[in-house]
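Remarks on the structure that follows.
Throughout, protein chains are lettered first and strands after them, A, B, ... in sequence-line order, and every chain is numbered starting at 1. Atom set for the values below is all heavy atoms of this structure, side chains included, hydrogens, waters and symmetry mates excluded.
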Number of protein chains: 2
Amino acid sequence: MPSSRPLRSDARRNREAVLTSAREAFLAGEPGIRVEEIARRAGVAVGTIYRHFDTREALVEEVYRHEVDELCAAPAALLDEHAPDEALRRFLLLLVEHAAVGKGMSVALEAIMATDSPVFGDARARMAQALDLLLGAGAASGAVRGDVNGRTLLRALGGVCGMRATDGWQDEAVRITGLLFDGLRFGAADAAPTAVTH
Amino acid sequence: MPSSRPLRSDARRNREAVLTSAREAFLAGEPGIRVEEIARRAGVAVGTIYRHFDTREALVEEVYRHEVDELCAAPAALLDEHAPDEALRRFLLLLVEHAAVGKGMSVALEAIMATDSPVFGDARARMAQALDLLLGAGAASGAVRGDVNGRTLLRALGGVCGMRATDGWQDEAVRITGLLFDGLRFGAADAAPTAVTH
DNA sequence: CCGTTTCCGGAATCAGGTTCATCTTACTGG
DNA sequence: CCAGTAAGATGAACCTGATTCCGGAAACGG
C-alpha cells in the first residue's frame, strides 16, 4: 500500500498553514527563520511541523518545489516560440529574474544549482533535464556548441544566484549570464557578442 | 597606538598551534570540524581560541589568508611569461586546481567568490583586483572583451568551487572554466573554442 | 623575587533543530 | 448520536555546537 489513506482534515489544514507561513517568511527575506517561529506564525507547535516534514530542509524544499516546477516547464514553452539559441538566452534570464523575486527563492536556487545537498537532488535533476532540452535544440540547430550538458551549465549558473543583496547585483547577474551564453555559442555561431551594458 | 605590544610568548605559540590544527583539519577534508575539537588537537581550551579569533569564521578566514595571498600573486607572474589571454586561461585553471587541493580550500574559495560573507570581504576585493589585472591586459591586447570586470568574473567562478565531491567534478570544473573563458573571448578574438572534451 | 598584565581553562550559557511521551481530535461502524 | 481507535497535536526535554566569562596561572618588567 504505497499511499495510505488521505490526511485527516486538521492535518491537511495545518500542513497548508505551515507551508504558507514558511513561504511568506522566505519571500519576505528571512531565509534563516527558526522552525519554532514558523510554527508560531502558522498557529501550531513545532512537533506538528516535524510530523509533516522530516527536517527543516525538507520543509524548505517543499516550499520551493512549486517554483522549481514552474521553472522546469519554461524551456519547452520557450522552444515553441523562439529559435533554440534565443530560447536558451531567455531561459537564463528567467533564472536571474526568479532569483530576483526574493532572497528566499535565490537561496533555494543557489542550493539547487551550486551544491550537492541531497535535499535538492530531485530539483537539480529536473532542472538539468530542462537545460538539456534547450542545449540539445541549440546544438541541433548549430547555434550552440554540443559539448556542454545541462548539469554543467547548472553548476556554472550557481554563482549567479548567490549574489543577491550586493549593490547592483542584478546587472551583474545579467552580465554573467551573457558571458555564459556567449561561451556556449563560441565557435558555433557567427552572431555578435551579447550586448553587456557599456 | 594601532598595534599593541607583541604577543606574549605562550600566546603566540598557542595561536600558531590553533591555526596549524585548523589548517590540517580543513585540508584533511573536515571543513565542519567543531571548535572544541580544534582546541583539543591544538592542546588548548576553547576559550583560548576565542581569545585569538572573534568567531569560528574568523579563524577559518585566517587559515585561508595565506592561500588567498598566493592566488592573488599569480596573475602578475603569469602575465610575465604568457600572452594576456593565455595568462587568463591559466589563472582560471589554477583556481580549479586550488579548489582541488582539498575540500577545505574549496569551501573557502566558494565563500570568497560566491557569497557576500563580510568575513571574506578583504579576500574578495584582492581577488577581484587580481582578475582585473588579467582582464585589463587581455582587453588591451584585443584578445578579451573589455566589458567584464574582475568582480563579475569572480562571481561567475563561484559555482565552480562549490562542486567538490561530485563524481568527476574536476572535469566539469575545467569545462565550466573553459565556457567562461570562451565567453570572455567571444567577439574579441578569432581563436577556436577551447577544447572541452566531448 | 614581586607586582602587573596578559593569558588560559573549562564549566556555564545560549541557540536552534529534533524527539518523544502524553493528551486531543477527527473519523468510523453500529 | 456515541463510544472506540488510530492519526494528529503538543511542548517540554534533549542534543549538538558556538560563544561567554570568571577565577587561576604564567610571562614580563624591574
Gap between atoms [atom1] and [atom2], on [X] and [N] respectively (whole Å):
{"X": "Asp54(B)", "N": "dA18(D)", "atom1": "CG", "atom2": "C1'", "result": "14 Å"}
{"X": "Arg15(B)", "N": "dT6(C)", "atom1": "CZ", "atom2": "C1'", "result": "15 Å"}
{"X": "Glu30(B)", "N": "dG17(D)", "atom1": "CD", "atom2": "P", "result": "13 Å"}
{"X": "Glu16(A)", "N": "dA9(D)", "atom1": "CD", "atom2": "P", "result": "13 Å"}
{"X": "Leu7(B)", "N": "dA26(D)", "atom1": "CG", "atom2": "P", "result": "19 Å"}
{"X": "Arg34(A)", "N": "dC14(C)", "atom1": "CZ", "atom2": "C1'", "result": "12 Å"}
{"X": "Phe53(A)", "N": "dT19(C)", "atom1": "CZ", "atom2": "C1'", "result": "18 Å"}
{"X": "Glu36(B)", "N": "dT20(D)", "atom1": "CD", "atom2": "C1'", "result": "15 Å"}

Hey, does the side chain of [X] come within less than 4.0 Å of [N]'s phosphate (OP1/OP2), counting only N and O?
{"X": "His52(A)", "N": "dA9(D)", "answer": "yes"}
{"X": "Tyr50(A)", "N": "dT19(C)", "answer": "no"}
{"X": "Asn14(A)", "N": "dA9(D)", "answer": "yes"}
{"X": "Thr55(A)", "N": "dG17(C)", "answer": "no"}

(request) List the steps and the verdict of salt bridge (Lys or Arg N to Asp or Glu O under 4.0 Å) for Arg13(A) and Glu16(A). (result) CA-CA 5 Å; Arg13(A) 195 174 341 113; Glu16(A) 236 26 69; over 6 Å; no
(message) Quick check on contacts: within residues 39-49 of chain B, what sits under 4.0 Å from DNA chain C by heavy-atom distance?
(response)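 Output list: Val44(B), Ala45(B), Val46(B), Gly47(B), Thr48(B).
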(request) Using a strict cut-off of less than 4.0 Å between a Lys/Arg side-chain nitrogen and an Asp/Glu carboxylate oxygen, indicate whether Arg23(A) and Glu30(A) qualify as a salt bridge. (result) no
(message) Just to be sure I understand the rule, does Arg51(B) reach a base, reach only the sugar-phosphate, or reach nothing, if contact means heavy atoms closer than 4.0 Å?
(response)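 If one applies the 4.0 Å heavy-atom cut-off, Arg51(B) turns out to touch a base.
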(request) Quick one: label Arg56(B) by what it contacts on the DNA or RNA (base, sugar-phosphate, nothing), any heavy atom closer than 4.0 Å. (result)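 It contacts sugar-phosphate atoms only.
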(request) Take Asp182(A) and Arg145(B), measure what salt bridge (Lys or Arg N to Asp or Glu O under 4.0 Å) needs, and give me the verdict at the end. (result) CA-CA 11 Å; Asp182(A) 286 344; Arg145(B) 65 206 290 169; 2.8 Å; yes
(message) Rounded at 0.5 Å granularity, tell me how far CG in Asn14(B) sits from CG in Leu19(B).
(response) 11.0 Å
(message) Nearest 0.5 angstrom please: Leu59(A) CG to Tyr64(A) OH, how far?
(response)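 OH of Tyr64(A) is found 10.0 Å from CG of Leu59(A).
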(request) Nearest-nucleotide wise, let me know which of Val35(B) and Asp10(B) is further upstream toward the 5' end of DNA chain D. (result) Val35(B)
(request) Step through the shown structure and confirm whether more than 12 heavy atoms of other residues, nucleotides or ligands are within 6.0 Å of CD on Glu86(B). (result)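 Enclosed.
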(request) List for me each residue that meets side chain to side chain donor-acceptor pair (under 3.5 Å) alongside Arg56(A), sequence neighbours excluded, and say none if there are none. (result)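 Result, side chain to side chain donor-acceptor pair (under 3.5 Å) vs Arg56(A): none returned.
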(request) Look at the side chain of Arg8(B) and the base of dA26(D), then say whether one donor and one acceptor between them are separated by less than 3.5 Å. (result)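 Answer is yes: a donor-acceptor pair is held.
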